[in-house]
Amino acid sequence: MKRVIMAAAVAAALLASGCTPGSGGGGDDSGSSGSTFEFWSFTAINQKADVDAYMKKHPETRIKLTEVGSTSETAQALTAALAGGKVPDLVLIQGDDLPKFMQSPENFVDLNTLGADKMTGDYLDWVIKQPTTPDGKVIGIPTDVGGMAIAYRKDLFEAAGLPTDRAAVSKLWTTWDGFTEVGRKYVQATGKPFVDNTPTSVFFQAVNQGTERYYDSAQNLVYDRNPQVRAAFDLTLKVFAAGISAKQTSFSAGWTAGMGKGDFAVVSAPSWMLNSIRTNAPGTAGKWDIATIPGGSGNWGGSFLAIPKRAKNPEAAWKYIADMQSPAGQLDHFLMQGSLPTTPSVYTDPKLIGKTDPFFSGAPIGKIYTESVVNIKPFYIGLNDAAIGTELLNTLTSVEQGKVKPDRAWDTAMTNVKNALRG
């Protein structure tokens with residue numbers, strides 16, 4: 001559905017706030033009647049399109065959608081509601097925020113009691129494990145995964161004397177060093193920045209390509225001594241030092257405007273990002289293409305639909321989940337919006353494999369994104385992943401803004417992370 005997800009680590013700093021819980025619909029208690037239910041989502045992922053599609057297919061149903069805000073703001077609102085406020089019937093939780101809710105599974109309906117036990121085999125093993133408790137309860141159903149790629153402006157590449165064919169471009173940056181070198185050539189040829197920013201387009205992609213991130217497989221915190229995290233962090237500083245960044249924070253007003261004006265030529269493009277590019281820069285249709293990410297594979301993103309224990313209409317919410325997150329439902333969503341399914345049975349479906357996107361110059365997005373996730377080795381996502389990622393990302397953003405010196409960045413980040421974990 002998404003994802004954005006953005007991962008909360010990114011969203012906490014980057015996404016604009018939306019409305020507060022309850023402001024998106026109703027305000028009465030009609031959620032307890034018939035097929036009406038209240039749904040909390042985060043912003044910037046066009047959840048309304050899914051809701052409208054479902055209500056068109058089920059005209060007897062009324063869904064009161066509230067886009068709460070960023071992923072982290074949505075998680076915060078849910079935490080407050082679970083503590084005694086009015087809960088929604090259905091809520092979207094992005095993957096990095098899920099572990100904190102898994103600490104108290106009693107706050108959610110065990111979806112096995114509604115039929116999830118007949119569906120769990122449909123999903124990627126490493127994804128469905130995330131919302132499953134040690135004793136087998138399932139508190140969420142996955143909506144998507146965020147296969148990664150790089151979106152680039154063909155017209156701007158051509159003006160810089162660079163190749164424009166997606167296969168040729170992919171060969172230019174089989175490594176992140178290759179990506180940086182292409183950026184240098186672009187800046188030399190045009191005098192303009194190459195990449196939108198380094199914290200998201202480099203760090204948050206590179207750190208999500210590893211086999212281990214902020215926790216090890218035994219669930220121990222290792223963010224401060226994991227060489228894969230340090231390598232992604234140092235890589236980001238190296239790319240920034242190359243002078244190729246536009247320093248436009250993802251999802252900011254400047255980023256949105258710059259995308260349409262051609263202020264940068266490349267942007268990180270996990271599968272859920274495609275809809276953001278289309279929405280934010282509609283006048284650039286046909287000017288973009290999609291190349292393989294340096295390193296070839298990785299996952300950034302993914303969300304889960306859950307039903308709080310005190311939901312007034314869990315049955316109606318479950319019907320929505322069962323329909324929209326079935327293999328057929330996830331395939332339909334991909335064909336409509338580009339978010340990659342978590343249901344591997346559709347990965348060989350001709351409609352997915354053959355899916356091209358005219359906005360992105362006919363790029364075979366089904367093939368590109370499927371290949372990005374089928375070979376990944378998933379890492380454990382722990383209780384404080386979102387908080388850790390936020391502080392690492394914020395520090396790198398401060399480097400781009402001139403507020404933190406690069407040679408102090410890692411120590412600053414470690415201090416900030418430790419303070420956040422203590423808080």
Side-chain angles (χ1 to χ4, degrees), residues 1-12 15 20-21 37-43 45 47 66-114 116-117 119-120 123-124 126-146 213-215 219 221 301-312 314 317-318 320-321 325 342 378-390 420-421 423:
M1 258 213 183
K2 331 309 63 236
R3 124 269 249 39
V4 179
I5 96 182
M6 297 203 65
V10 178
L15 291 180
T20 56
F37 67 91
E38 186 169 1
F39 179 10
W40 287 5
S41 174
F42 32 86
T43 57
I45 58 171
Q47 192 63 247
T66 296
E67 292 188 333
V68 179
S70 71
T71 56
S72 59
E73 288 166 336
T74 304
Q76 291 163 6
L78 177 60
T79 298
L82 293 172
K86 179 182 176 183
V87 298
D89 299 290
L90 182 66
V91 63
L92 188 65
I93 303 170
Q94 83 71 40
D96 278 5
D97 287 313
L98 182 66
K100 72 180 72 172
F101 296 110
M102 292 298 293
Q103 298 294 299
S104 302
E106 67 276 7
N107 286 329
F108 298 89
V109 173
D110 175 9
L111 300 181
N112 285 326
T113 64
L114 297 172
D117 56 324
M119 295 175 60
T120 52
Y123 304 96
L124 290 164
W126 59 272
V127 177
I128 197 62
K129 282 180 181 178
Q130 295 175 50
T132 302
T133 66
D135 61 353
K137 294 182 176 66
V138 175
I139 74 164
I141 294 295
T143 63
D144 71 305
V145 287
R213 196 169 64 174
Y214 310 135
Y215 289 77
Q219 304 180 19
L221 278 170
S303 296
F304 300 82
L305 285 171
I307 300 175
K309 198 64 169 279
R310 292 185 285 110
K312 292 183 177 180
W318 171 252
Y320 180 89
I321 293 175
Q325 305 314 322
T342 61
F379 47 74
Y380 174 74
I381 298 175
L383 179 63
N384 292 300
D385 261 70
I388 295 166
T390 294
L421 296 183

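Since we're looking at a predicted model, the values are computed, not measured.
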Quiz prompt | Output field: ring centroids Y214/Y380 closer than 6.0 Å | solution = no

[Y] and [X], any side-chain heavy atoms less than 4.5 Å apart:
X: I307; Y: W318; result: yes
X: S41; Y: T66; result: no
X: P131; Y: L98; result: yes
X: L305; Y: L111; result: no
X: V91; Y: V68; result: no
X: W40; Y: V87; result: no
X: E38; Y: L90; result: no
X: S70; Y: F42; result: no

Side-chain ([X]) to main-chain ([Y]) donor-acceptor, under 3.5 angstrom:
X: Y215; Y: N384; value: yes
X: T43; Y: G69; value: yes
X: D97; Y: Q94; value: no

Determine the minimum heavy-atom distance between [X] and [Y], stating which atoms define it.
X: L114; Y: P314; value: CD1-O, 4.2 Å
X: D144; Y: T342; value: C-CG2, 3.2 Å
X: P142; Y: V127; value: CB-CG1, 3.3 Å
X: P88; Y: A311; value: O-CB, 3.9 Å
X: N112; Y: G136; value: ND2-O, 2.9 Å
X: E67; Y: Q47; value: OE2-N, 3.9 Å

If you measure from [atom1] on [X] to [atom2] on [Y], what distance do you get to the nearest 0.5 Å?
X: K129; Y: L124; atom1: NZ; atom2: CG; answer: 11.5 Å
X: L92; Y: T143; atom1: CG; atom2: OG1; answer: 5.5 Å
X: F379; Y: W126; atom1: CZ; atom2: CH2; answer: 8.0 Å
X: Q76; Y: T71; atom1: CD; atom2: OG1; answer: 9.0 Å
X: Q325; Y: Y320; atom1: CD; atom2: OH; answer: 7.0 Å
X: I321; Y: M119; atom1: CD1; atom2: CE; answer: 8.0 Å

Quiz item: Do NZ/NE/NH1/NH2 and the carboxylate oxygens of D89 and K312 come within less than 4.0 Å?
Solution: no

Quiz item: Is D96 salt-bridged to R213, cutoff N-O under 4.0 Å?
Solution: yes

Exercise. Step by step, work out the side-chain contact (heavy atoms from CB on, under 4.5 Å) result for K100 and L383.
Key: CA-CA 5 Å; K100 72 180 72 172; L383 179 63; 3.7 Å; yes

Quiz prompt | With sequence neighbours excluded, residues passing side chain to side chain contact (heavy atoms under 4.5 Å, CB included) with T113 | solution =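 Result, side chain to side chain contact (heavy atoms under 4.5 Å, CB included) vs T113: V109, D110.
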
Exercise. Tell me, please, which residues at least two apart from P105 pass side chain to side chain contact (heavy atoms under 4.5 Å, CB included).
Key: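 Partners of P105 by the side chain to side chain contact (heavy atoms under 4.5 Å, CB included) criterion, ordered by chain and then number, come out as T133, I139.
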
